[in-house]
Each structure stands twice: as structure tokens, then as C-alpha cells.
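Step one of this worksheet: look at the structure below.
Predicted model, so just to flag it, every value in this text is computed and none were measured.
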Amino acid sequence: MILSELISLDVLRVIWWLLLGVLLIGFALTDGFDLGVGALLPFVGKTDTERRVAINTVGPVWEGNQVWFILGGGAIFAAWPPLYAVSFSGFYLAMFAILAALILRPVAFKYRSKRDGHAWRNGWDWALFVGGAVPALIFGVAVGNVLQGVPFQLNDMLMPLYPGNFFIKFISLLNPFALLAGVVSISMLMMHGAAWLTLKTEGPVQLRARAIGSVAGIVAFVTYILAGVWLAFGIKGYAITSVVPDNGPSNPLFSTVEHGGSWLSAYSDRPWIAIAPILGLLGIALATLGLRAGREGSTLLLSKLGIFGVISSVGLTMFPFILPSSIQPDASLTVWDASSSQQTLFVMLVVTLIFMPLILAYTAWVYKVLWGKVTVEEIESDSHSY
């Protein structure tokens, strides 16, 4: 027997759907607070020293945290090639904006302290703000568009086609529901960044982070509820009416999809998934209260719980859809028809089971070594730090 046949193709597809979720959530939980700190930087630090304190809380770890983003992109490319092709074609300018912001971030980290001028350092501080706020916003906008369905078609050769030119495609992404989802994303990550700063700093920076993070948490809580209500009553859902046989080929056009009804019908079919939005709301609410009360470690953990619940709620609500099409529903990409081959998924799974524990162990070791608060005294004694 060929080893790759030990696990059926459909089981491998579900496993890789779960692993993709793990990678995206891992990115949000780790690099999410880096993005949040960047978005908060001009507001929590009023002096150069205070801003250097905030920057140095993420300076040693942001590169390692970004590994989750790279792994997520690699997983989409290898495990879900149609998703990679269709999403990168439709979100081209959005992806470019995210990458430009993420590229700006390390440049700002490296060059900020090369000169002592106020204008120089202030300019790089705002660059860090852009590097944090823009990806946090656009990631949410992308999720909002995915929930509504993306306007793409597939021809007989499974080539994705989008109507309109690239500028119109980008503008169409900035619709009201998607922007609301973007507000949920950026406010949630700002709350997460504030929880991190509360844990890693003290004095004025910590106090400002708690105040701003509390407001961000309230905004995240309210907008998440609004987005849920809007999704229930204002956004049409998708449902598969006929599917390819078990372990069938990866061809979305073999399935029949209906565009109508509500996404929230998934909760009547699978009531247990309600735990995800409950955890999202509970985590955000308790993290907000923790920020207001000045709690440190527990607040960060609760913030992580909230992010886990929010992202999980999207995936579980949409399952088995990965990227629905609003203009050709039958071309929608699902877990059952958008994956790589059985052998590819199996080999990738073996590699993941070997290297994922190593990544987790190394990450845990790094955080253990770098544990503790960043103080003003440390910053002032080292003029060459970030």
C-alpha cells in the first residue's frame, strides 16, 4: 500500500483546512500584537524614550512572529492552489498594500534610531503606524469580502476571471460590510497590542495603552455584534446542493452551489459551533475589563481567546466554503474541491508533524528568554536599541 493512501483524500482536506486555520490564528495571536503596538505607537508614546520603550517590546520578536504569516501563505500555495490563484488575482492591489506596509515595518525598525533628529524619528514612528494599522485593517476587509462572495468566474480550464479593471476591482472591495469587518479587525488587534504593552511596560506607556486598549476593546465588541447581525439579515449565504463523490477530483465546477438564505443557518445544522462567537465576545469583553482593571498576564490571554473565537467563528460559519463566488456560485471554492492531490497533502502533513513542534518549541524558548518588562532605565542606558 502507498503510504499516502493511509488517510483518505477528504480526511486530508479537512485536516489541512484545520491546519490553515491554525496558521492564520497563530499569526493573529503572535504578530497581531506587533501590528497592534505599531498602530498604537504614536498615541501611547509622547516622548522619544516612551516610544522606544513600546518599540522594544516587539523589536526582538516580530520577525519570529511573522513566520506564521509566511507559513500560512505557503500552506495556501501548496495545499489549496486554486485558492491561492483566485485570491491573489482578485485581491492583487490589497495584497500589494499589505506587503508594502509589512516591508515598511522592518525598514522603520532598522532606521529609526540611526539619527537623533525629532522629525526623522517621528517620521519613522508614523511609518510603523502604517505598517501596523494598514495590514490590520485590510485583513478584516478581505474577510468581509469573502463572507459576501468574491466576484470571480472560472472558465473550463479553471482559470479565474474577474470583471472590470484592476482599479474597479480594488474599489469594489471597500464596501460597507467589508469596512465594518475591517474595523472589527483593527480594533481587536489594537486591543491585543494594548494588552501586550500592559504586560511588557510600566508607567505612562502602560497607562495610555490601558486607556486606548479599553476603548478599542469596546469598539471591537460592538462592531463584532453589528457584523454578526448584518451577516444574519443582510448578507446572503451559500450552500452546496450537490457535491462530487467522496475523495473526488479537485474541480469546483463539478459541484452545484446555491446563493441564498443565511450564513447563520450553519448554527442550526451544527449548533456546537456557537461556542466560537461566544468565546470571541467573552474574550474581548473580559480583556477589555482586564485592561481597565490593570491586570497584565490574564488580560493578554483573554485577548488571545477573543481573537481565537472571532477568527474561528468565520471559518466554522463558512465551512465547507473557502472562497465563494458572487457571480458564478458554482465556481465557489470549497474544502472538497479546491485542494492539492492526496499524495501532496499527505507529504505536507508528515513534514508539518515534524517541523511544527520545533517551531513551537523555539518560539516558546525565545519568549522565555525575553520575558520581563522593558523599562525606561534600560532604554536610556542603551542608545543603540530600537
Side-chain angles (χ1 to χ4, degrees), residues 1-27 67-91 95 146 149-150 152-161 238-258 266 269-270 272-273 276 311-312 314-325 328-360:
M1 175 184 290
I2 300 174
L3 286 178
S4 61
E5 296 179 355
L6 292 173
I7 307 177
S8 71
L9 178 56
D10 280 351
V11 172
L12 284 169
R13 284 166 168 162
V14 174
I15 290 173
W16 272 102
W17 174 79
L18 290 171
L19 285 175
L20 179 59
V22 168
L23 293 174
L24 295 178
I25 291 172
F27 170 68
V67 166
W68 294 97
F69 181 66
I70 298 170
L71 290 175
I76 293 174
F77 175 79
W80 309 98
L83 173 62
Y84 184 89
V86 174
S87 61
F88 275 67
S89 298
F91 297 129
M95 294 286 187
V146 169
V150 180
F152 72 90
Q153 298 171 296
L154 295 177
N155 62 18
D156 292 339
M157 300 297 292
L158 300 184
M159 179 181 295
L161 304 172
Y238 291 79
I240 299 178
T241 55
S242 68
V243 298
V244 297
D246 291 345
N247 303 310
S250 290
N251 188 331
L253 298 180
F254 288 173
S255 302
T256 304
V257 175
E258 178 183 341
D269 298 333
R270 307 187 302 275
W272 62 271
I273 68 175
I311 298 177
S312 298
V314 175
L316 291 171
T317 299
M318 291 184 59
F319 184 85
F321 288 93
I322 304 176
L323 189 67
S325 169
Q328 187 187 359
D330 289 347
S332 299
L333 307 183
T334 73
V335 171
W336 313 125
D337 54 28
S339 73
S340 292
S341 67
Q342 184 173 1
Q343 184 174 4
T344 299
L345 295 180
F346 181 81
V347 171
M348 288 175 57
L349 179 61
V350 172
V351 172
T352 301
L353 291 176
I354 294 172
F355 287 100
M356 183 66 79
L358 297 177
I359 294 173
L360 292 173

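- Legend: side chain to side chain donor-acceptor pair (under 3.5 Å) pairs involving residues 314-324, not counting sequence neighbours, sorted by first then second residue: Tyr267-Thr317.
- In this structure, the side chain to side chain donor-acceptor pair (under 3.5 Å) partners of Thr334, at least two apart in sequence or on a different chain, are Asp337.
- Residues passing the side chain to side chain contact (heavy atoms under 4.5 Å, CB included) test with Phe27 are Asp31, Leu35, Trp68, Phe69, Phe139, sequence neighbours excluded.
- No donor-acceptor pair closer than 3.5 Å links the side chain of Ser325 to the backbone N or O of Gln153.
- Remark: the backbone N or O of Ser8 is not paired with any side-chain donor or acceptor of Arg13 at under 3.5 angstrom.
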Under 3.5 Å, sequence neighbours excluded: what are the donor-acceptor pairs made by side chains of residues 344-356?
from, atom 1, to, atom 2, distance (Å)
Thr344, OG1, Ser341, OG, 2.9
Thr352, OG1, Met348, O, 2.8

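- Residue Leu23 is tested with Ile76, Leu18, Leu71, Val67 for a side-chain contact (heavy atoms from CB on, under 4.5 Å); the sole match is Leu71.
- In this structure, the side chain to side chain contact (heavy atoms under 4.5 Å, CB included) partners of Val314, at least two apart in sequence or on a different chain, are Val143, Leu147, Met318.
- Side chain of Asp330 to main chain of Val257: a donor-acceptor pair is present (N/O by atom type, distance under 3.5 Å, no hydrogens or angles).
- At least one donor-acceptor pair closer than 3.5 Å links the side chain of Gln328 to the backbone N or O of Leu154.
- With sequence neighbours excluded, the residues forming a ring-ring contact (aromatic ring centres under 6.0 Å, His included) with Tyr84 are Phe77, Phe88, listed by chain and number.
- Distance alone, capped at 3.5 Å, places no donor-acceptor pair between the Glu258 side chain and the Pro329 backbone.
- Taking Ile70 as the reference, nothing meets the side chain to side chain contact (heavy atoms under 4.5 Å, CB included) condition, with sequence neighbours excluded.
- For Ala239, there are no side chain to side chain contact (heavy atoms under 4.5 Å, CB included) partners, not counting sequence neighbours.
- When all heavy atoms of Trp80 and Val335 are compared, the pair lying nearest together is CZ3-O, 3.6 Å.
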